[in-house]
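So you know, we letter chains A, B, ... as the sequences are listed, proteins then strands, and number each from 1. Here the structure is a predicted model, which means the values were calculated and not measured.
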Amino acid sequence: MEEIAKAYIPGEVENEISEKWEVAEIGKAAPKSKKNVFTMMMPPANVTGALHLGHAITLTIEDVLARYQRMRGKDVLWLPGTDHAGIATQNVVEKRLLEKGLSRDDLGREMFVTKVWEWKDKYHARISEQIKKMGASCDWSREAFTLDEDRSAAVTKAFVQLYRKKLIYRDKKLVNWCPRCKTVLSDIEVEHREEEGNLYFIRYFVSATDRSICVATTRPETMLGDTAVAVNPNDPRYRDFVGKELILPIVNREISVIADERVDPKFGTGAVKITPAHDPLDAEIGRDHKLPSIVVIGPHGKMTKHAGRRFVGMPLNEARKAVVKYLDDIGNLEKIEKHTHSVGHCSRCDATIEPLESMQWFVKMKPLAAKALSLVKKKKLEFVPARFEKEFVRWLDEIRDWCVSRQLWWGHQLPVWYCKKVPEFADKRIRKKEGCQRIIVSEKPPKKCPSCKNLNITQDPDVLDTWFSSGLWPFATLGWPKSTKDFRTFYPNTVLETGYDILFFWVARMVMLGAEFTGKSPFETVYLHGLVRDERGRKMSKSLNNGIDPLEMIEKYGTDALRLSLVVGSTPGTDLKFSETKVTGQRNFVNKLWNASRYVFGVLGKNPTIAANPTPRGLPDRWILSKLNRLILETNAAFTKYSFGEAAGKIQDFVWNDFCDWYLEITKEAPNKKLLGHVLAQILRLAHPFIPFATEKLWENFFPKAKKPKLLALEKFPRPVKSRISERVEEEMKVVTAIITSIRSVRNELNVEPARKIAAIVYVGKFESFIKKQAGEIKKLARLSSLVVKKSGKKVENAVAKFEAGLEIYLPLSKLLDPKVEKKRLNADLKEAQNYLAVVEKKLANDDFTARAPKNVVEAERAKLASVQEKITKIEERIKVLG
RNA sequence: GGGUGUUUAGCUCAGUUGGUUAGAGCGUCUCGUUUACACCGAGAAGGUCGGGGGUUCGACUCCCUCAACACCCACCA
């Protein structure tokens with residue numbers, strides 16, 4: 001047999017094992033039928049940068065699931081991929097260009113997009129490597145990219161189809177504009193934050209009178225675009241102002257006072273200036289009252305010519321100051337109050353979002369959401385944890401139309417063309433006619449306008465929101481819209497696993513688009529994991545500089561340790577506090593498993609075998625089989641609940657405590673090789689989904705002579721043998737360990753050095769028969785020179801005594817025995833027992849308890865009472881003897 | 001303004017349908033016999049389970065309420 005390294009050194013093992021998996025194509029799905037498949041799509045990673053802990057937790061959980069399902073005999077498809085990540089990627093490339101003093105306009109669209117593709121290639125390669133480093137057993141042969149040919153075809157198809165069903169439309173609306181990214185954003189890409197600002201009170205005079213109305217606003221610069229002042233119709237203060245004309249200060253334009261229910265009389269002065277071009281509520285009111293809309297802020301965050309000569313070209317914050325000063329100068333600024341309100345920020349670059357009126361493309365969401373909601377109602381879609389269903393439903397209930405066009409260059413350009421006004425005719429005979437300006441939405445680029453035959457047509461320069469393409473991911477990855485074999489076999493997916501932070505961005509869109517295009521929920525179960533936070537519970541971010549690099553953790557402690565640290569102690573949907581000490585702890589565990597295996601293989605010798613059902617020889621054998629099968633039962637149960645943390649925790653607990661600390665120690669004298677091999681093999685199989693590298697490497701030791709050992713990754717996951725689980729055996733073993741632990745405890749308390757062996761006499765009552773059989777093991781683990789086991793007997797003089805339930809333990813340590821110390825020790829034991837007695841007595845003294853509680857509960861209490869009373873009696877007697 | 005989650009030992013977390021003397025790991029303290037492991041082993045200290053109220057024979061567990069923290073949603077001018 002090859003020497004097994006004294007410590008597990010991940011660096012030496014991981015590459016070798018990765019390669020073996022790759023050669024064996026363990027991740028490649030080749031199902032025989034649709035019945036047995038398990039499908040899961042990897043959330044496509046952004047090609048913006050390197051692997052972070054968010055990816056690490058995603059990959060870990062998904063790989064655990066994939067490996068578990070594979071070992072259970074499922075035909076697993078876990079499909080990897082990457083996302084072009086529109087704004088995000090464009091931003092990083094632009095930033096890079098800026099370092100060279102270049103803007104995207106300097107390069108032009110075509111050159112710029114070429115640059116982004118170069119970036120994509122580089123980072124795609126890098127992130128793929130890192131995914132492999134995590135141990136991800138996905139199917140690389142089916143890898144997809146949101147912007148590759150097939151996925152682009154799917155996007156076009158989807159867009160055109162939605163347009164034909166009138167679920168996509170073009171309209172001029174107030175949208176969220178990011179002046180830094182210079183594009184519109186959808187509503188969910190805007191992050192709202194409470195910010196301290198000012199509330200400015202401005203006085204507007206009624207035309208040709210000295211009566212006036214004071215309005216309150218947080219954005220005084222928008223007053224240049226006011227087209228009305230609104231008050232609540234039931235507000236007596238303003239009743240007779242309604243219908244009057246006001247003079248808009250600075251601009252000196254007449255605007256009228258209108259009445260609208262939506263005005264809250266309690267806020268500010270109860271009068272609102274209406275700027276339909278720059279405020280969502282104003283836009284609504286403006287629309288309903290047919291007010292004109294005057295755009296005073298342009299797309300670059302600067303004032304337009306409509307703001308007036310004095311302000312045109314001014315950046316927003318400057319314009320604000322200038323307007324305020326002007327108003328103050330002319331005496332129309334009443335006062336300024338501090339005011340906190342929520343301000344929208346770009347989720348990509350954090351710039352303040354400007355509401356801007358603009359012509360954009362929208363997806364009509366209500367009909368799509370209705371389909372998604374009905375899937376939830378029909379239980380075609382299950383959430384883990386369940387509470388996310390509520391959130392999902394609530395969001396869909398209140399859904400608003402989705403702005404999908406973006407003023408970017410990196411992404412799927414809209415399959416939309418416009419017939420230009422200035423004609424370029426195909427048919428020279430109708431030269432004089434103007435282009436009809438129609439909108440052409442088509443899968444294939446049209447050569448001419450289908451209506452007027454105009455050749456002067458141009459494609460819409462905008463691209464689609466990244467999430468539009470990722471919304472098609474569960475089926476676009478399988479070849480949709482073509483009816484491929486993959487699509488027929490693997491759709492719908494079984495599970496969708498991702499972080500809860502993209503429930504709306506991604507999950508909801510997939511469900512809606514999946515329902516629309518395939519008539520089905522794209523997956524049966526949505527499993528949502530929590531976010532990885534730092535040890536203080538803060539989000540990891542570049543600005544806080546509290547990020548931990550998973551690659552550095554892998555370098556230092558190994559992938560297995562990192563994976564465990566992300567899974568153990570985590571619950572679905574709950575954030576995870578991560579710290580390096582967790583990884584260290586898990587590294588220690590992997591090493592423990594490594595060494596326990598090293599010991600076992602040493603015992604097994606040159607021809608190790610894996611017995612399927614070895615015969616137990618004694619209590620420890622029966623006990624470890626009972627514990628093992630209980631573990632298998634519980635692990636499988638935890639997996640079906642998606643409680644991965646629980647499963648991993650239980651396996652660790654078993655390995656460390658039951659297997660290493662007790663079973664290996666207790667059987668060292670005369671190990672049962674077959675059983676040892678069996679238990680280890682089962683441990684490796686159980687642990688493999690969590691700890692793939694170390695377990696795979698250890699597994700090889702079962703086949704020292706095989707040229708190509710069978711891979712653990714392709715083994716069967718253990719099934720519990722329920723007949724091996726025995727309460728009685730576990731109880732008996734508990735008595736054995738109790739004796740050992742009690743003796744060790746006393747030794748420690750009395751400072752008996754471990755090297756010194758001592759004698760012990762134990763009276764064990766009804767446990768006599770099996771304790772006698774374990775005398776050898778007890779002697780060894782308790783460091784005894786001799787051990788006498790009897791049913792009962794005389795109290796042993798000059799001995800340290802310890803009493804447990806049904807047990808009397810005497811350690812004749814005459815030389816060491818100090819009556820004072822011994823008395824103190826016994827008194828402590830006595831006090832503890834008396835406290836417990838009080839608790840039990842109180843319970844039993846309650847007649848309601850004995851009358852109403854179930855019989856077995858009452859009996860259990862009575863048994864407790866009897867045993868603690870017996871213990872107390874013994875301790876008291878002992879104390880008396882000591883005088 | 002709505003909604004959700006969290007609150008258990010110094011720290012990170014387990015605690016199944018209500019019945020345990022409330023557990024584990026890290027950290028702390030004491031001690032080191034055993035060629036699997038010091039990335040280890042043995043032992044110990046440490047908790048009125050966020051506060052209050054209720055249901056119940058019995059509440060860490062169910063209900064109400066309050067508090068702190070975190071997050072999500074919302075057109076608070």
Side-chain angles (χ1 to χ4, degrees), chain A residues 4 6-8 174 188 192 199 215-219 230 262-264 267-269 271-275 279-285 339-342 355 387-388 390-391 394-395 398 500-501 503-504 530-531 533 535 537 557 561 568-571 573-579 581-582 584-585 587-603 637 645-646 649 652-653 656-657 660-661 664-665 668 741 744-749 751-757 780-781 783 832-833 835-836 839-840 843 846-854 856-858 860-861 864 868:
Chain A
I4 304 176
K6 197 171 169 185
Y8 174 58
L174 205 65
I188 54 174
H192 294 272
L199 194 56
V215 298
T217 179
T218 53
R219 304 176 64 209
R262 285 164 284 194
V263 177
D264 175 7
F267 188 89
T269 60
V272 195
K273 57 189 269 323
I274 300 296
T275 324
D279 180 273
L281 178 63
D282 293 7
E284 259 180 50
I285 293 177
H339 179 66
T340 49
H341 61 133
S342 136
R387 73 182 124 93
F388 285 105
K390 247 187 284 173
E391 209 164 307
R394 184 180 46 76
W395 191 74
E398 296 168 4
Y500 67 73
D501 54 329
L503 178 63
F504 308 140
L531 271 37
R533 295 171 173 278
E535 59 260 76
Y557 308 108
V568 175
S570 81
T571 357
T574 306
D575 292 351
L576 176 80
K577 282 183 198 160
F578 185 86
S579 61
T581 55
K582 282 194 179 176
T584 326
R587 184 271 318 262
N588 294 354
F589 174 75
V590 176
N591 189 243
K592 183 77 183 175
L593 176 64
W594 181 266
N595 273 290
S597 307
R598 193 159 84 96
Y599 163 77
V600 173
F601 286 119
V603 172
E646 192 189 335
Q652 294 199 315
D653 214 44
W656 211 309
N657 300 317
C660 292
D661 290 347
L664 292 187
E665 293 303 332
K668 261 184 183 164
T741 304
R744 281 171 173 173
S745 171
V746 172
R747 291 181 61 121
N748 247 293
E749 268 176 81
N751 295 320
V752 181
E753 39 320 359
R756 186 163 155 211
K757 293 199 171 181
K780 183 167 178 263
L781 296 191
R783 311 279 314 143
E832 201 190 309
N835 286 344
Y836 183 35
V839 172
V840 180
K843 247 187 222 176
N846 184 347
D847 291 339
D848 285 330
F849 172 72
T850 46
R852 299 197 193 194
N856 59 326
V857 174
V858 178
E861 286 308 310
K864 281 183 201 167
V868 72

Review point. C1' atom, B:C60 versus B:U16: distance in rounded Å?
Key: 13 Å

Point to revise | A:Pro280 vs A:Leu174 side-chain heavy atoms within contact, under 4.5 Å | key: yes

Practice item. Return the minimal non-hydrogen interatomic distance between A:Val272 and A:Val263, and the atom names on each side. Key: CG2-CG1, 3.5 Å

Check your understanding: Distance check: side-chain N/O of A:His341 vs OP1/OP2 of B:A77, anything under 4.0 Å?
Key -> yes

Exercise for review: Using whole Å, report how far NZ of A:Lys273 lies from P of B:A77.
Suggested key: 11 Å

Review point. Between A:Phe388 and A:Tyr500, what is the ring plane arrangement, given parallel below 30°, perpendicular above 60°, and tilted in between?
Key: parallel

Review point. Is there a donor-acceptor pair closer than 3.5 Å between any side-chain N or O of A:Asp575 and the backbone N or O of A:Leu531?
Key: yes

Study note, to complete from the structure: B/S/- along nucleotides 4-19 of chain B (protein heavy atoms under 4.0 Å) is SS------SSS----B

Point to revise | Any donor-acceptor N/O pair, A:Arg744 side chain to A:Arg783 backbone, under 3.5 Å | key: no

Point to revise | Pairwise C1' distance for B:G32 and B:A38, with rounding to whole Å | key: 10 Å

Point to revise | For atom OH of A:Tyr836 and atom C1' of B:A22, their distance in whole Å | key: 13 Å

Point to revise | A:Arg533, nearest nucleotide to its side chain (from B:A70, B:C37, B:C73) | key: B:A70

Point to revise | Nearest-Å distance once atom P is located in both B:A59 and B:A22 | key: 14 Å

**Study point:** Considering all heavy atoms, the nearest A:Val868-A:Ala833 contact
**Key:** CG2-O, 3.4 Å

Point to revise | Nearest-Å distance once atom C1' is located in both B:U20 and B:C64 | key: 28 Å

Review point. When you compare B:A67 with B:G10, how far apart are their C1' atoms, in angstrom units rounded to a whole number?
Key: 23 Å

Study note, to complete from the structure: Per nearest nucleotide of RNA chain B, the residue lying toward the 5' end, A:Arg783 or A:Thr850, is A:Arg783

Point to revise | Nucleotide B:G32, atom P - distance to CZ of A:Arg747 in whole Å | key: 12 Å

Review point. Roughly, in whole Å, what's the span from CG in A:Asp282 to P in B:C76?
Key: 12 Å

Review point. Hey, does A:Ala596 reach any base, or is it just sugar-phosphate, or nothing, if we go heavy atoms under 4.0 Å?
Key: base

**Study point:** Distance between P atoms of B:G19 and B:G23 (Å, rounded)
**Key:** 14 Å

**Study point:** Shortest side-chain distance from A:Asp653, nucleotide among B:A24, B:U21, B:C72
**Key:** B:A24

Review point. When you compare B:G51 with B:A74, how far apart are their P atoms, in angstrom units rounded to a whole number?
Key: 36 Å

Check your understanding: Does the side chain of A:Asn591 come under 3.5 Å of the side chain of A:Tyr557 through a donor N or O and an acceptor N or O?
Key -> no

Check your understanding: Rounded to whole angstrom units, what separation is found between the CD atom of A:Glu753 and the P atom of B:G32?
Key -> 8 Å

Practice item. Determine the Euclidean distance between corresponding C1' atoms of B:G27 and B:C63; express it in Å to zero decimal places. Key: 38 Å

Review point. Quick one: A:Glu284 CD to B:C76 P, roughly how many Å, whole number?
Key: 11 Å

Study note, to complete from the structure: To the nearest angstrom, the CG-C1' distance between A:Asn846 and B:U56 comes to 11 Å

Check your understanding: Do the side chain of A:Asn595 and the main chain of A:Lys6 share a donor and acceptor less than 3.5 angstrom apart?
Key -> yes

Check your understanding: Does A:Lys780 make a side-chain N or O approach to OP1 or OP2 of B:U33 shorter than 4.0 Å?
Key -> no

Practice item. List the protein contact pattern of nucleotides 38-47 of chain B with one symbol per nucleotide (5' to 3'): B for base contact, S for sugar-phosphate-only contact, - for none; contact means a heavy-atom distance under 4.0 Å. Key: -BSSBSS---

Practice item. Mind listing the closest non-hydrogen atom pair of A:Thr217 and A:Lys273 along with its distance? Key: CB-CD, 3.6 Å

Check your understanding: Taking for each residue the nucleotide of RNA chain B with the nearest heavy atom, is it A:Thr581 or A:Val868 whose nucleotide lies nearer the 5' end?
Key -> A:Val868

Practice item. Check every atom of B:A36, B:C76, B:C73 against the side chain of A:Phe504 and return the nucleotide holding the closest atom. Key: B:C73

Check your understanding: Does a side-chain heavy-atom distance below 4.5 Å link A:Trp594 with A:Ile4?
Key -> yes

Exercise for review: Check whether any side-chain N or O of A:Ser745 sits under 3.5 Å from a backbone N or O of A:Thr741 as a donor-acceptor pair, and report yes or no.
Suggested key: no

Practice item. For A:Glu398 and B:G3, give me the distance from atom CD to atom C1', rounded to whole Å. Key: 10 Å

Review point. Between A:Glu391 and A:Phe504, is any pair of side-chain heavy atoms under 4.5 Å apart?
Key: yes

Practice item. Give A:Val839 one of three labels, base, sugar-phosphate or nothing, depending on what nucleic acid heavy atoms sit under 4.0 Å from its own. Key: nothing

Check your understanding: In dot-bracket form, how is RNA chain B paired, counting a Watson-Crick or G-U wobble pair only if both its distances are under 3.5 Å and using | for bases paired to another strand?
Key -> (((((((..((((.....[...)))).(((((.......))))).....(((((..]....))))))))))))....

Review point. Touch check for A:Val603, heavy atoms < 4.0 angstrom, all strands: base, sugar-phosphate only, or nothing?
Key: nothing

Exercise for review: Would you please say whether a donor-acceptor pair under 3.5 Å links the side chains of A:Ser579 and A:Lys577?
Suggested key: no

Practice item. Would you check if the side chain of A:Arg533 reaches a backbone N or O of A:Phe578 as a donor-acceptor pair within less than 3.5 Å? Key: no

